[in-house]
Asker: 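Quick one: the structure is below, questions incoming.
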Amino acid sequence: MPETTEDLNEFWRWLYEARERGPIALDTETTGLNVFNPSFRLRTVQFGDQRDAWVIQYERGGYFESYAREAVQRTQRVLIHNAAYDWLVLDRCAGIPLEDLAPWTTDTRTLAALCDPRQPSEGGIGTALKPLSARWVDPAAPDTQSGLTAVFRSLGLTKETGWAGIPLDHPTYLLYAGLDVILTARLFPALRRELARLGVRNELVAYEHELARICAVMQRRGLLVDQDYAGPLARRLAAEAERYRAVAARYGVIKVGSGDQVAAALVGMGETLTERTDAGALKTDKAVLLPLADLDRDWQRIGAREPNRLADAVLRAKRAAKWGETYAAGFMNKLDDAGRIHPVITPLAARTGRMSVTDGLHQLPSSDHIVRRAILAEPGHVKISTDFQAIEMRVLAALADVRRMKEGFTRGGDAFDIHMYTAKLIRGEGATKRDRKLFKGAGFGKVYGGGITTLARQTGASEAEISQAVTAYDRVFPEIKRAGKRWQRQAFQNGMVFVSATGRRLPLDRDRTYAVTNYACQSAARDVLGQAMIEMEGAGLLEYMRLPIHDEILASAPREDAADVAREFERCMTMSLYGVPIVAEAEIGGRSWGSLYGADY
DNA sequence: TCGTTCACG
DNA sequence: ACGTACGTGAACGAG
């Protein structure tokens, strides 16, 4: 830890020598996790190789700040564990554009995810530095994060307040800050060797780094919140939740979120509950409560029974609370000083390679526009959403080489409806909308590996009907089942890992190898979107991109250019996958995201 | 921390 | 031999 200018000069000499020997590991310590929180500060910047670490106390300002900033700009090749975070920290706090640092960066978290994409809960190592170091560097590698949590506690601080409150010269803090770069530097060659051993192509690694940078740029931009709308909405929904909680309380349910209380009260009222949770408790979820409240899946009265007032109140209280607290109030609590939220976009999150997004931005209600109405395009802009048409079915047709599906997609044209096409293949030209729904269910059942019982529950059709539909489905598209078997066999011969078309490793669980069909489709669909996102940047669209949503890109563009921009998005998302056309459709809305879901603004 | 629930594609 | 819907993030309650 340099303390004098002489020390800083020694650090400088080390940097110039070390960067000749190989990449420099880089890390930062900060006051918290939300880079865009107005009170966020950068505390230290660490540099290291496999042997040495330098902790530069950026927070002290002056020479410390300028040496750290200059050093980052001169590292040339750098290693960062979870690069997007440090890119944004340095971009925001040190004025180093992430566009400058990203091309020099290798992200060890990305490398680890390509070796094994599973989270610890799924039997993998995960992508945290500690378990990765234990696996690839030294089983006794210290857990610097949990070690620091203990130090925070001993200082009367918490996990939340510790990062900002711990004195800058605390020895454990500095030691662990330095250790993280050394671990990252040692992790890198081990992961690189492993990727080579597994035959993971460098092109895939490079593609993931491009995507990581694009996602970080979107995170930096964030999304504008309509505060004059979201604030009152949060209050209105809170009041609504409170009204229904009061109704529930009249039936003895003090906490509507307590399954035990709700179940006990319903049973006490003479209702019979039959479904059970995995842990054996009586289920009281939405699927159980809606029929008791005489409501269908769209919350419309069925007229089959007298509604149970408690079930109705619990449903409405929980919905209002979730929409109000998680979404509306959640946006208000996460604003930066420009009134924007910056959800973390993790490009490699799921075991299938799918991306994830924080702050609920991937889960906003789509059946009603009131929550999405709170997210705005920039002043003078409009929202544009461009999504792939039936991407997973198209990907399935391409990967499993499903002859009659491919024929449909190839000849069908722009407005092609795969589910109606399937219904007609089986039922003839007289196929009805109801047939379409049935075979749509059967199609998704195939992609997801669902059983008769589940499909019947999901579609509302009888088990006999579903069973017939699935049989008919297999007859017209026999390649799907065969491909599933083939992929399971290939995975078995490859240590229970299926390798996707892009070279992605998809480990299977031994007791549910049928999931390979879903993994192959979901991961290929993700890579199609990823490829499209790279095309978009090439077409100059990155400045308009706001959020990836699995099969969709949400954008904001100037009203007068919207038609041109939308056409460009469609062009970037249009391609061919093994002869199957991949088709996208843009929708131009108004000022708010909700306008694409029926809101009039 | 774990289990449950609920929002999405 | 058979059959299993897949993938997330966030909040709350219970222990």
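Within every chain, numbering begins at 1; the chains are lettered A, B, ... in the order of the sequence lines, protein sequences first and strands thereafter.
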Asker: Could you state the atom-to-atom distance from CG of A:Leu529 to P of C:dG7 in whole Å?
Answerer: 19 Å
Asker: Taking the ring of A:Tyr473 and the ring of A:Phe477, is the distance between their centroids below 6.0 Å?
Answerer: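 They qualify: ring centres under 6.0 Å apart.
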Asker: Judged by each residue's nearest nucleotide on DNA chain C, which is more toward the 5′ side, A:Ile452 or A:Lys334?
Answerer: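 Looking at DNA chain C, the more 5' nearest nucleotide goes with A:Ile452.
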Asker: From CG of A:Leu315 over to P of B:dT5, roughly how many Å is that when rounded to an integer?
Answerer: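 For the pair A:Leu315 CG and B:dT5 P, the rounded distance is 12 Å.
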Asker: Where each residue is assigned the nucleotide of DNA chain C containing its nearest heavy atom, which of A:Thr326 and A:Pro117 is assigned the position nearer the 5′ end?
Answerer: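 Here A:Pro117 is the residue nearer the 5' end.
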Asker: Applying a 4.0 Å non-hydrogen cut-off, can you work out what A:Thr454 is touching in the nucleic acid: base, sugar-phosphate, or nothing?
Answerer: base
Asker: Ion pair present between A:Arg512 and A:Glu122, side-chain N to carboxylate O less than 4.0 angstrom?
Answerer: no
Asker: Select base, sugar-phosphate, or nothing to describe what A:Thr284 touches, counting heavy atoms under 4.0 Å on all strands.
Answerer: sugar-phosphate
Asker: Look at all strands and tell whether A:Leu364 reaches a base, only sugar-phosphate, or nothing, counting heavy atoms closer than 4.0 Å.
Answerer: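 If one applies the 4.0 Å heavy-atom cut-off, A:Leu364 turns out to touch the sugar-phosphate alone, with no base involved.
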Asker: What's the spacing between A:Thr352 OG1 and A:Arg526 CZ if we round to 0.5 Å?
Answerer: 8.5 Å
Asker: Please pick, from B:dG9, C:dT4, B:dC8, the nucleotide with the shortest atom-to-atom distance to any side-chain atom of A:Gln363.
Answerer: B:dC8
Asker: A:Lys322 side chain N/O closer than 4.0 Å to the phosphate oxygens (OP1, OP2) of C:dC12?
Answerer: no
Asker: Once you round it to whole Å, what is the distance between P of B:dA7 and CG of A:Asp298?
Answerer: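 Roughly 13 Å, once rounded to whole Å.
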Asker: Any Lys/Arg nitrogen of A:Glu208 or A:Arg109 sitting under 4.0 Å from an Asp/Glu carboxylate oxygen of the other?
Answerer: no
Asker: Measure the distance from NE2 on A:His550 to C1' on C:dG7 and round it to the nearest whole Å.
Answerer: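 Going from NE2 in A:His550 over to C1' in C:dG7 covers 7 Å.
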Asker: Looking at A:Arg118 and A:Asp116, does any basic side-chain N land under 4.0 Å from a carboxylate oxygen?
Answerer: yes
Asker: For A:Ser367, which contact category applies under a 4.0 Å heavy-atom criterion: base, sugar-phosphate, or nothing?
Answerer: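 Sugar-phosphate contact only.
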Asker: Could you check which of C:dC6, C:dC12, B:dC8 has an atom nearest any side-chain atom of A:Asn518?
Answerer: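 Looking only at side-chain atoms, A:Asn518 lies closest to C:dC6.
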Asker: Please state whether the phosphate of C:dA11, meaning OP1 or OP2, lies under 4.0 angstrom from any side-chain nitrogen or oxygen of A:Tyr327.
Answerer: no
Asker: Rounded to whole Å, please give me the gap between CH2 in A:Trp323 and C1' in B:dA7.
Answerer: 9 Å
Asker: Which one is paired to C:dC2, where only Watson-Crick or G-U wobble pairs with both distances under 3.5 angstrom count?
Answerer: none
Asker: If only side-chain N and O atoms of A:Ser356 are considered, is one of them under 4.0 Å from the OP1 or OP2 phosphate oxygen of C:dG9?
Answerer: yes
Asker: Are OP1 or OP2 of B:dT4 and a side-chain N or O of A:Thr277 less than 4.0 angstrom apart?
Answerer: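 Yes, because at least one side-chain N or O of A:Thr277 sits under 4.0 Å from OP1 or OP2 of B:dT4.
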Asker: For A:Arg372, report the nucleic acid contact type (base, sugar-phosphate, nothing); a contact means any heavy atom under 4.0 Å.
Answerer: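 Sugar-phosphate contact only - A:Arg372 comes under 4.0 Å of backbone atoms but never of a base.
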Asker: Assign A:Asp359 to base, sugar-phosphate, or nothing according to its heavy-atom contacts below 4.0 angstrom with the strands shown.
Answerer: sugar-phosphate
Asker: Starting at atom CD of A:Glu463, determine the distance to atom C1' of C:dT4, rounded to an integer number of angstrom.
Answerer: 14 Å
Asker: Could you pull out the closest heavy-atom pair between A:Leu506 and A:Ser523, with the gap in Å?
Answerer: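 Minimum heavy-atom separation between A:Leu506 and A:Ser523: CD1-OG, 3.6 Å.
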Asker: If I take atom NE2 in residue A:His362 and atom C1' in nucleotide B:dC6, what distance separates them, rounded to the nearest angstrom?
Answerer: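 The answer, rounded to whole Å, is 17 Å.
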Asker: Please determine whether a side-chain nitrogen or oxygen atom of A:Lys318 lies at a distance below 4.0 Å from atom OP1 or OP2 of B:dC6.
Answerer: yes
Asker: Quick one: is A:Tyr519 getting a side-chain N or O under 4.0 Å of the C:dG7 phosphate, OP1 or OP2?
Answerer: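 Looking at the OP1 and OP2 atoms of C:dG7, one of them is under 4.0 Å from a side-chain N or O of A:Tyr519.
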Asker: Side-chain donor or acceptor of A:Arg351 under 3.5 Å from a matching atom on the base of C:dG7?
Answerer: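 No, the side chain and the base share no sub-3.5 Å donor-acceptor pair.
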Asker: C:dG7, OP1 or OP2 - any side-chain N/O from A:Arg512 closer than 4.0 Å?
Answerer: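 The answer is yes; a side-chain N or O of A:Arg512 sits under 4.0 Å from OP1 or OP2.
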Asker: What nucleic acid atoms does A:Ile391 come within less than 4.0 Å of, heavy atoms only: base, sugar-phosphate, or nothing?
Answerer: nothing
Asker: Tell me: NZ of A:Lys286 to P of B:dT4, nearest whole Å?
Answerer: 19 Å
Asker: Can A:Glu465 and A:Lys437 be counted as an ion pair, charged N to O under 4.0 angstrom?
Answerer: no
Asker: Using the ring of each side chain (for Trp, its six-membered ring), is A:His550 parallel, tilted or perpendicular to A:His362, with breaks at 30° and 60°?
Answerer: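 Taking A:His362 first and then A:His550, their aromatic rings sit tilted (interplane angle of 30° to 60°).
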Asker: If C:dC12 has a Watson-Crick or G-U wobble mate with both distances under 3.5 Å, name it; if not, just say none.
Answerer: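 Paired with B:dG3.
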Asker: Salt-bridge test for A:Arg245 and A:Glu242: reply yes if a basic N is under 4.0 Å from a carboxylate O, no otherwise.
Answerer: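 Result for this pair is yes, salt bridge flagged.
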Asker: Mind checking A:Glu325 for me? I need base, sugar-phosphate or nothing, with any heavy atom below 4.0 Å counting as a touch.
Answerer: sugar-phosphate
Asker: Ion pair present between A:Asp509 and A:Arg351, side-chain N to carboxylate O less than 4.0 angstrom?
Answerer: yes
Asker: Report which part of the nucleic acid A:Val357 touches: base, sugar-phosphate, or nothing (heavy-atom distance under 4.0 Å, all strands).
Answerer: sugar-phosphate
Asker: Taking only heavy atoms on the protein side, list every residue of residues 232-266 of chain A lying under 4.0 Å from any atom of DNA chain C, sorted numerically.
Answerer: A:Lys255, A:Gly257, A:Ser258
